[in-house]
Q: 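Pasting in a structure now, in C-alpha cells, and then I'll have a few things to ask.
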Amino acid sequence: MSNRANICISAACSILFLLLAFGHLSAQTIHTWEIQEIVLHAAKPYTNPYKNVEVWVDLKGPNFSKRVYGFWDGGNVWRVRVVATGPGDWTWKSNSNEAGDHGLNGKAGHFVAQNWTVQEKNENPTRHGFLRDTANRHALQYADGTPFFLVGDTWLAASTWRLPFTGHPPDPNYTPGPGITFEDAVAHIKRQGYNEVSIISAFPSWASDQYPATYADKNGIFYRNAWQEFGVKVTSDGMPGKDTAKHMEDEHGYRPFEIVPNHQGLPDYDAIVPQYFQDLDKKVAYLNAQGFIPMLETVRRDVTPAWKAYFNFNESYSRFVEYLVARYGAYNIILSEIHNDIAPSTRHGAGSQPMRNVIGLTSQEFNEALTYHLKKYGPMPFGQPVTSLIDHSTYTSYGHGAAAPWLTLDSVGNYPRNNSMYKAIETLFRLPDPNPAIDLEPYYVGWDNAVNSPAGERPAANSDRDNYFSRAMMYGCVLSGALVGHVWGHGAYDFTTTDEPRGSRPYIWEALQYTSAGQMQWLRKFIMSEGRAYQDLQLASDDINPRKAPGSPENGLDGWALMMMTGKKDLALLYFENKAVRAKISGLEPNKTYRFTWYNTRSGQWLENSTVTTDAQGIAQLPSFPGGGDVATIDWAAKLTLRSSAK
C-alpha cells in the first residue's frame, strides 16, 4: 500500500475518531429517572391522529432495550417521553405506523445519564427511581432499594378546575380555606408527611348541563352516574328537581374528549382533546418535583357503558390507556387502569347485599380490555406499578397471575369499610407469587353514607369517633398485609369548592384539616420505626389471644387486635382497637425477653419501654393498656423487639 493511501486512511480514522469523540462530548448529559421529551413533527396532516397514528422510539441503554410509545399533542406535534433507568450512554430512534412520514420516522438521538448525588436524592425522594417490588413481593421500594411506604390522600377530582394549578409558589404556612389552589394543597399535605395522592385523570361525560347526574339516552344506555352539583336542578322526564352532575373541565374549560354533536352529550372516545391533558401535565410534574408519587387513574367506571355501546371498547379503551402510559409513563407514578369502585356483582363481607342497577361494566369486561391492552402495547416501559381501584378485592374481581396479567399491584377498597375487609387483604398476602397490596378506599372521614358506617354507626364529621374509625382502618389494613402503605379517605373526594353550595359532603379545605389527616404520618413513623424490617413481616394476628373481644362485631371497628411478626420472631407490630382486651401472644421465641413499647396513634409518641418474657412454649402475657386497664378505652399500637443476648 502506498504512503499516500496510508496517509488517507490515517486521516479518515482520525476524523472518525474526532467525530465520535465530539458526538459523545456533545451528547446531552442528564440524570437518571429525569424525564426527557423527544418532539416530532409530522410531515403531513391526518384526519384523526389520535386514533390512526402510532409513534414510538426504540430506546436503548445499559440493560435496557424497549419500545416506548409517544402521544399526539395537537396539530402536527407528537411527543415521546423517556427516562434513563441507569447511568451511561442512551440512544433512541423514531418510527411510526405511517411509513411515508419523514417527520415521524428515522429521527435519532442520544444522551448520557448520570446518577443523582445522595444530597440530591435527599432533597427529592423521587430521584431514588421508580417504584419496584421488594424481593418477597409484599412491599414497594424505590429502584435503588430505598424503602417506600405510601402515605396517600384521596384527590379524585384534582385533575380538574376544582384544584387549579396557578404556577405560583404557595405560602409555606398555608392553612386550607376558600380559593385553595393545587400548589396550596400540595404544600399543606407535604407538611403532614404525605407522599402520594390518588387522582382520576378524566371525567369525560360529566358536566353541569341539562341532564341529571345519572342519566341514559333514548336507547337506555347510561352516559354517567356522576357526583351531584349541589343546588343546580334540572328537569328530567318531566320530573323536576334532580341535581345535575359536577362540571369537571380543566382550569381553561377544556374537556378530555370531543362531544358527539346531537347525541345527548356523548363523548367521542376516539377523539381526544390534548389541551386538557396539557394542564394535567403540569400537576403531575409538580407532584414529582415536590417528592410525591401520584396514583393516576384512567376514568371512573360509570362512563364506560356508553363507551362500550357506541365504540369498539377493547380497542378504544386500550388506546386511551396507552395514551396515558405514553403521556405519563416517564413520570414517577402508580397507574390505576380503571376506577372500578362499584361493580355490578354481589358484594362481599358481613351483611353484604347484592348490588343491583350499578352503572358500569363488569370486572370481567374490564379485565378483557386491559389484557387486550397489555398484549397489544406491552407493560409499562419503565416498570411502574399497575393496579385498579376496586369495590372489594382485585383478586376476587379479576383473579391473579395469568388471569389478570396486567395487574402488578393488588388492592382492596370501598366495601366493606370495617373489620371484615381484613380477610381479603390476608388472602392477597397469602397468594402464591403475590403482588404487593394496599387498601385504596378505606373508611372515609366526614362522609355520611350507609357504605361508610361500621356496625351501622355514622358519627359526626371530624368527631373523635369519626377519626378513630379512620385510624382503625389505617393500622388494621397495614397489619393485615397491606404493606405498601395506606390511602386516607374523606368525604370531600368530589372536591366541592369555592362558590359552590356545600351540599351533603364537606368542602375540600374542611376535609384537609380533619384530625386523622394529620395522624397518617404517625402510621409511617410506627411501621418504619425499625427501618426496612417491616418489609419482612408475616401475618400473625391468629397468635393473639384473644384476637377479638367477646361480642365484637365483624362489621364494626371495635374490639379487634392485629399483629404481624418477622419470620425470625425478633420483631412484632401490633394494633389494638378501642374495646380490645389485654392479650397473650404466642409464636415467639421460647424463654426469651422482649422489649415492649406502647405507641400513641393519635400523637405519634412512644411510651416508656417495658419487658415481657416468654415461657417454654413461646407465649408472653402483654402488659395492661396505658392507664392500667385490661380493656382498651381508645386504640393503641405496640412493638415487640427481641432483646439480644448481649443486652
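None of the values given here were measured: they were computed from a predicted structure. Throughout, residue positions are numbered sequentially from 1 according to the sequence presented. Only heavy atoms go into these numbers, but all of them, side chains included; no hydrogens, no water, no symmetry mates.
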Q: Testing the 3.5 Å rule here: is there a donor-acceptor pair between the side chains of D270 and S316?
A: yes
Q: Measure the acute angle between the ring planes of Y444 and Y493, then classify it against the limits of 30° and 60° as parallel, tilted or perpendicular.
A: tilted
Q: Find the distance between CZ (F203) and NE2 (H339) and round it off to the nearest 0.5 Å.
A: 8.0 Å
Q: Do E54 and Y377 have side-chain atoms, one donor and one acceptor, less than 3.5 Å apart?
A: yes
Q: So does P506 get a backbone contact from the side chain of T496, meaning a donor-acceptor N/O pair under 3.5 Å?
A: no
Q: Report yes if the distance between the aromatic ring centroids of Y323 and Y50 is under 6.0 Å, otherwise no.
A: yes
Q: Shortest non-hydrogen contact from K246 to S208?
A: C-OG, 3.9 Å
Q: Write down the atom of L266, the atom of A306, and the distance for their closest heavy-atom approach.
A: CD1-CB, 3.8 Å
Q: Spell out, as yes or no, whether a donor-acceptor pair under 3.5 Å connects the side chain of R132 to the backbone of A143.
A: no
Q: Any chance you could measure L324, atom CG, to L296, atom CG, to the nearest 0.5 Å?
A: 6.0 Å
Q: List the residues meeting ring pair (Phe, Tyr, Trp, His ring centres under 6.0 Å) with H490, not counting sequence neighbours, and say none if there are none.
A: W488
Q: Given side-chain contact (heavy atoms from CB on, under 4.5 Å), test V303 with Y269 step by step and report yes or no.
A: CA-CA 10 Å; V303 305; Y269 289 109; 3.6 Å; yes
Q: Would you sort out whether R502 and E510 count as a salt bridge (charged side-chain N to carboxylate O under 4.0 Å, His left out), showing the intermediate values?
A: CA-CA 11 Å; R502 187 176 187 276; E510 295 174 332; 3.2 Å; yes
Q: Check the angle between the aromatic planes of F366 and Y317 and answer parallel, tilted or perpendicular using the 30° and 60° thresholds.
A: tilted
Q: Using a distance-only test with no angle check, is there a side-chain donor-acceptor pair under 3.5 angstrom linking D466 and Y514?
A: no
Q: Would you say the side-chain atoms of N97 pair up with the backbone N or O of N52, donor to acceptor, closer than 3.5 Å?
A: yes
Q: With rounding to the nearest 0.5 angstrom, report the OG1 to CD1 distance, T387 to I338.
A: 12.0 Å
Q: Evaluate whether atom NZ of K51 has more than 12 neighbouring non-hydrogen atoms of other residues, nucleotides or ligands under 6.0 angstrom away.
A: no
Q: Output a table of donor-acceptor pairs, distance under 3.5 Å, between side-chain atoms of residues 67-74 and any protein atom two or more places apart or on a different chain; print 'none' if there are none.
A:
unit_1	atom_1	unit_2	atom_2	d
W72	NE1	G75	O	2.9
D73	OD1	Q278	NE2	3.2
D73	OD1	R327	NH1	2.9
D73	OD1	R327	NH2	2.7
D73	OD2	R79	NE	2.7

Q: In this structure, are over 12 heavy atoms from other groups packed under 6.0 Å from Y395 atom OH?
A: no
Q: Would you say T498 and W509 make side-chain contact, with heavy atoms under 4.5 Å?
A: yes
Q: About how many Å separate CD of Q275 and CG of D250, when rounded to the nearest 0.5 Å?
A: 9.0 Å
Q: How about Y443 and N418: does a side-chain donor come under 3.5 Å of a side-chain acceptor?
A: no
Q: Could you work out, with ring pair (Phe, Tyr, Trp, His ring centres under 6.0 Å) as the rule, every residue matching Y254, not counting sequence neighbours?
A: none
Q: Taking all heavy atoms of S411 and all of L428, pick out the closest pair and write down the distance.
A: O-CD1, 4.1 Å
Q: Side chains of S388 and Y398: do they bring a donor and an acceptor to under 3.5 Å?
A: yes
Q: Parallel, tilted or perpendicular: which one describes the rings of W155 and F495, with boundaries at 30° and 60°?
A: perpendicular
Q: Where the side chain of S201 meets the backbone of T298, is there a donor-acceptor pair that is under 3.5 Å apart?
A: yes
Q: If the condition is side chain to side chain donor-acceptor pair (under 3.5 Å), which residues does N76 pass it with, not counting sequence neighbours?
A: none
Q: So does K423 have more than 12 non-hydrogen atoms from other groups sitting under 6.0 Å from NZ?
A: no
Q: Testing the 3.5 Å rule here: is there a donor-acceptor pair between the side chains of Y331 and T126?
A: no
Q: Hey, is NZ on K375 packed in by over 12 heavy atoms from elsewhere, all under 6.0 Å?
A: no
Q: If every non-hydrogen atom of A511 is compared with every non-hydrogen atom of A492, which pair is closest and at what distance?
A: CB-CB, 3.6 Å
Q: How close do V487 and S198 get, counting heavy atoms only, and between which atoms?
A: CG1-OG, 4.0 Å
Q: To the nearest 0.5 Å, tell me how far R255 CZ sits from S205 OG.
A: 7.5 Å
Q: Between N414 and D341, is there a donor-acceptor pair closer than 3.5 Å when you use the side chain of the first and the backbone of the second?
A: yes
Q: Rounded to the nearest 0.5 Å, what separates atom CZ in F165 from atom CG in D281?
A: 10.5 Å
Q: Listing request: all side-chain hydrogen bond (donor to acceptor under 3.5 Å, both in side chains) pairs with a residue in residues 219-231, at least two apart in sequence or in separate chains.
A: R162-E229, D209-R224, T214-N225, D217-Y223, N219-Y310, Y223-H263, N225-R301, Q228-R505
Q: Between S159 and I200 (side chain of the first, backbone of the second, donor and acceptor by atom type, cut-off under 3.5 Å), is there such a pair?
A: yes
Q: Might you point out which heavy atoms bring A42 and W78 nearest each other, and give the distance in Å?
A: CB-CZ3, 3.4 Å
Q: Who are the side chain to side chain donor-acceptor pair (under 3.5 Å) partners of D302, not counting sequence neighbours?
A: W206, R300
